[in-house]
Protein chains: 2
Amino acid sequence: MTHIRVRSLVVESARPSEPCAACDARPFSVCNAIDQRDIERLAALAASLTVEAGRTFIEEGDPAEHFFNVTAGTAKLFKLLPDGRRQITGFAPMGTFLGLAVSSTYAFGAEAVEPMRICRFSRFKLRALLDDFPAMEKRLLEVASNELVAAQEQMLLLGRKTARERLASFLVTRAACTANGATPCGHRAAEKVTLPMTRSDIADYLGLTIETVSRTLTRFKTERLIDIPSASEIVMRDHAALESLATGLH
Amino acid sequence: MTHIRVRSLVVESARPSEPCAACDARPFSVCNAIDQRDIERLAALAASLTVEAGRTFIEEGDPAEHFFNVTAGTAKLFKLLPDGRRQITGFAPMGTFLGLAVSSTYAFGAEAVEPMRICRFSRFKLRALLDDFPAMEKRLLEVASNELVAAQEQMLLLGRKTARERLASFLVTRAACTANGATPCGHRAAEKVTLPMTRSDIADYLGLTIETVSRTLTRFKTERLIDIPSASEIVMRDHAALESLATGLH
DNA sequence: CGTGCTTTTGAAAATCATCAAGTATAGTGG
DNA sequence: CCACTATACTTGATGATTTTCAAAAGCACG
C-alpha cells in the first residue's frame, strides 16, 4: 500500500474506503442530516485518511483549507503559547466535525490521541454543498451551539473550580461520554472510564500540571471515590460524591 | 461576587419602538442578513425591551423561551456554582445575538452591565422564520463559529496565562473592540479603553479576584504601561508591550 | 457631609507549581 | 522470553503566585 505524506498526515485513499453510506460514525455526526439518496454527493467530496497516534493533522495558524470529520479514534484540540504552554480546548471523539471557523486559518491545532480515521472535505466544496442541504447547515448550527455551551462550562471549570473539582468534573463528564459499545456520548453513567489521553493531556485540558492531576487522582483513590486498575482506567466507586464535588459542593 | 437575583425585566413595548428597519444595532447583528423588503416579518416578531443596569434578564436554568438581540448597552453572561462562585463567560455588546442553544433551558445567565435595550424573539417563532431565511441561519452559524474561536482563546487564557497576561489580554482585546463611535468591534487599536464593568466583573471574567485585578492594574501603571485616569478608564501607554505580554512573551 | 459602595493596599495563608527522584509500563531488540 | 531503554506516571520537598482576610481610601448620591 502506498502511503503519500501530505503535510503531517497519511493519505490512505482519495475515496473513502468505507463510503459515507456505511460509515460507522455517520449516526453520530452531522452527515446523517443528509438523506440516503443524496449521501453519494457527500461521499464524492470526502477523502478518508488514517492518522497515527501522536500525529498533528491540524496546525494552528495554517490556512484552513479543509473540514474534517472524525470517523474513528479521538483527537485533542489545543492552542499553544509561544513558550510552549498548551491548553487543550477539547477532545474530539468519533462523529466530531472539525474546522468550523470564519477565519481563513485554523484557530487551533489537532493531534491524534489514538490511531484515528478522519474524513477530509474541501472547505470550499463543502460550503457549496451546504447550500443544497440546509438540513446539514441546521445540524452544524446545533453542533456549534452545543459546543458553545460546553465551552462555557469549561470556562467555569478553568476559571473557578479547584483542582479536585476539575478532576471530578472531568471524570463525571467522561463517564457520561464514554463509548459504551458504539455510543460516543450516551447518558448512562459508566462504572469504568477509559482515558485514552495521557496525564499531560488531562493536565493541559484542566489547566493543571501532571503532578497535580496524579496527586489528585491518588487522593481520590485513598478516599475510596475511585479505583485505578491501570493508569488509563478509572473505576468510579462513588459516583454521587464525585458529581457533587464536580458541581462545587464540598 | 455579588449576586442579586431579579426575575422579571422591564417590558417597554411589545412592538419595537425603533423598528428593525431603523435599528442602530442592525449593521452589527445577524438581522442584517435579512433583506430590507423582508425585514417587516422580523420586526413583527420582535419585542423591544429596556433593561436597567444590574438587572438579570436571563436566568441560568430557566426555560429557554426566547432569543435576544442586544440593541444598546452591554450585558455580561455568566455561570454560577452553588456557593456563589461566578464565571463570566463573555460580554455581549450591541449587536450580540443571545440564546443559541439546543437545550430547552438557558445554559447561562445574563445581566445588564449598563442600561440596555434588547430585542426579544419567541424561540419557536424565530426558528420557524429561520426556515425562510437561510441567509440568516448562515450568519448565525458564522457568529457561533466566531464565538467558538473566542471561547477557545478564553480557555487558553483561563487555563494557562498568568494574572499579568490575563489583564494584558483583556485590555488589548478591549482596545480592539471598544466602541469608537459606532463600530462595536473595530480593528484599530484605541488609546483609551472604557470599562463599563466593575473590577468584580473583570475578575470573574478572567478567573481572578478583584484584589489581583486591582494590584495588577496598579503595577501596570507604575510600569508606565497604562494610565488610569478613573477606575473605568484605562489609557494604553505602551500598546506593544501589553500585546506581547498578552501573547505570553515576558 | 455622611452613607454605602467600589477600589486600593497590606499582611498572612493556601493552593497549586516547580524541582527532583524514584517507580511502573510499554516497546525493542537480542 | 527477557533484559534494556524510553516514556509515562507517581511521590516528596520546596517555593511562588494568587487568594484570603482585613482595613483604609475614593467616589457617587441623597
Side-chain angles (χ1 to χ4, degrees), chain A residues 52-54 76 81 83-87 113-115 157-168 170 194-223 226-234 245 248 250, chain B residues 1-4 52-54 76 81 83-87 113-115 157-168 170 194-223 226-234 245 248 250:
Chain A
E52 65 193 55
K76 55 192 177 201
L81 287 172
D83 63 359
R85 278 175 286 173
R86 183 180 67 163
Q87 179 64 37
V113 169
E114 341 167 71
L157 180 149
L158 293 170
R160 288 296 177 229
K161 289 186 183 176
T162 65
R164 279 168 71 78
E165 290 164 350
R166 292 182 202 200
L167 260 304
F170 178 70
T194 306
L195 304 175
M197 68 292 289
T198 66
R199 294 288 184 272
S200 178
D201 290 338
I202 298 172
D204 284 350
Y205 180 56
L206 300 178
L208 300 169
T209 59
I210 49 176
E211 293 94 333
T212 300
V213 170
S214 182
R215 270 189 258 270
T216 305
L217 288 177
T218 304
R219 191 160 155 219
F220 281 174
K221 191 171 83 175
T222 68
E223 293 169 344
I226 61 171
D227 273 338
I228 313 181
S230 80
S232 64
E233 285 178 317
I234 306 271
L245 238 182
H250 303 252
Chain B
M1 282 191 229
T2 44
H3 17 279
I4 304 155
E52 66 193 54
K76 55 192 177 201
L81 288 172
D83 62 359
R85 277 175 288 173
R86 182 180 69 163
Q87 179 64 37
V113 169
E114 338 167 73
L157 180 149
L158 292 170
R160 286 298 178 228
K161 288 186 183 176
T162 65
R164 278 168 70 76
E165 290 164 350
R166 293 183 203 199
L167 260 303
F170 177 70
T194 306
L195 304 176
M197 67 292 288
T198 66
R199 294 286 184 272
S200 178
D201 290 339
I202 298 173
D204 285 349
Y205 181 56
L206 300 178
L208 301 169
T209 59
I210 49 175
E211 292 93 333
T212 301
V213 170
S214 181
R215 271 188 257 272
T216 305
L217 288 177
T218 303
R219 193 162 154 216
F220 281 174
K221 191 171 81 175
T222 67
E223 291 168 345
I226 61 171
D227 273 338
I228 313 180
S230 80
S232 65
E233 285 178 316
I234 305 271
L245 237 182
H250 303 251

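Naming convention: chains lettered A, B, ... in sequence-line order (proteins, then strands); numbering from 1 in each chain.
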At a heavy-atom distance below 4.0 Å, what parts of residues 209-217 of chain A sit against DNA chain D? A:Glu211, A:Ser214, A:Arg215

Which residues share a side-chain contact (heavy atoms from CB on, under 4.5 Å) with B:Leu195, sequence neighbours left out: B:Phe170, B:Arg174, B:Val193, B:Met197, B:Arg199, B:Ile202, B:Ile234

To the nearest 10°, let me know how far the axis at one end of the helix from C:dC1-D:dG30 to C:dG30-D:dC1 is tilted from the axis at the other, five pairs an end. 40°

Going by heavy atoms in the side chains, are B:Leu208 and B:Thr216 under 4.5 Å from each other? no

If you round to the nearest 0.5 Å, how far is CG of B:Asp227 from CD of B:Glu233? 11.0 Å

Is there a side-chain contact between B:Lys161 and A:Leu81 (heavy atoms, below 4.5 Å)? yes

Give one of base, sugar-phosphate or nothing for A:Gly54, where a contact means two heavy atoms less than 4.0 Å apart. nothing

Look at the side chain of A:Arg160 and the backbone N and O of B:Arg85, then say whether any donor-acceptor pair between them is shorter than 3.5 Å. no

I need the CD1-P distance between A:Ile234 and D:dC9, as an integer number of Å. 11 Å

Pairs meeting criterion salt bridge (Lys or Arg N to Asp or Glu O under 4.0 Å) with involvement of residues 206-216 of chain A, two or more places apart: none

Counting N and O atoms only, with roles assigned by atom type, does the side chain of B:Ser214 sit under 3.5 Å from a partner on the main chain of B:Ile210, one being a donor and the other an acceptor? no

In this structure, how many angstroms lie between the C1' atom of C:dT18 and the CZ atom of B:Arg160, rounded? 13 Å

May I have the distance from A:Glu165 (atom CD) to C:dC16 (atom P), rounded to whole angstrom? 9 Å

Heavy-atom check, side chain of B:Tyr205 versus side chain of B:Arg166, under 4.5 Å: no

At a heavy-atom distance below 4.0 Å, what parts of residues 226-233 of chain A sit against DNA chain C? none

Nearest whole angstrom, please: distance from the P of D:dA16 to the CZ of B:Arg164. 17 Å

Test item: A:Gln87 side-chain N/O and A:Asp204 main-chain N/O as donor-acceptor pair under 3.5 Å: yes

Using whole Å, report how far CZ of B:Arg85 lies from C1' of D:dT19. 13 Å

Roughly, in whole Å, what's the span from NZ in B:Lys161 to P in D:dT18? 14 Å

Applying side-chain hydrogen bond (donor to acceptor under 3.5 Å, both in side chains) to A:Arg219 and not counting sequence neighbours gives A:Glu223

Starting at CG of A:Leu167, measure out to CG of A:Leu206 and round the result to the nearest 0.5 Å. 6.0 Å

In whole angstrom, what separates B:Ile202's CD1 from C:dT6's C1'? 12 Å

Nearest-Å distance for atom pair CG/P, residues A:Leu208 and D:dT17: 18 Å

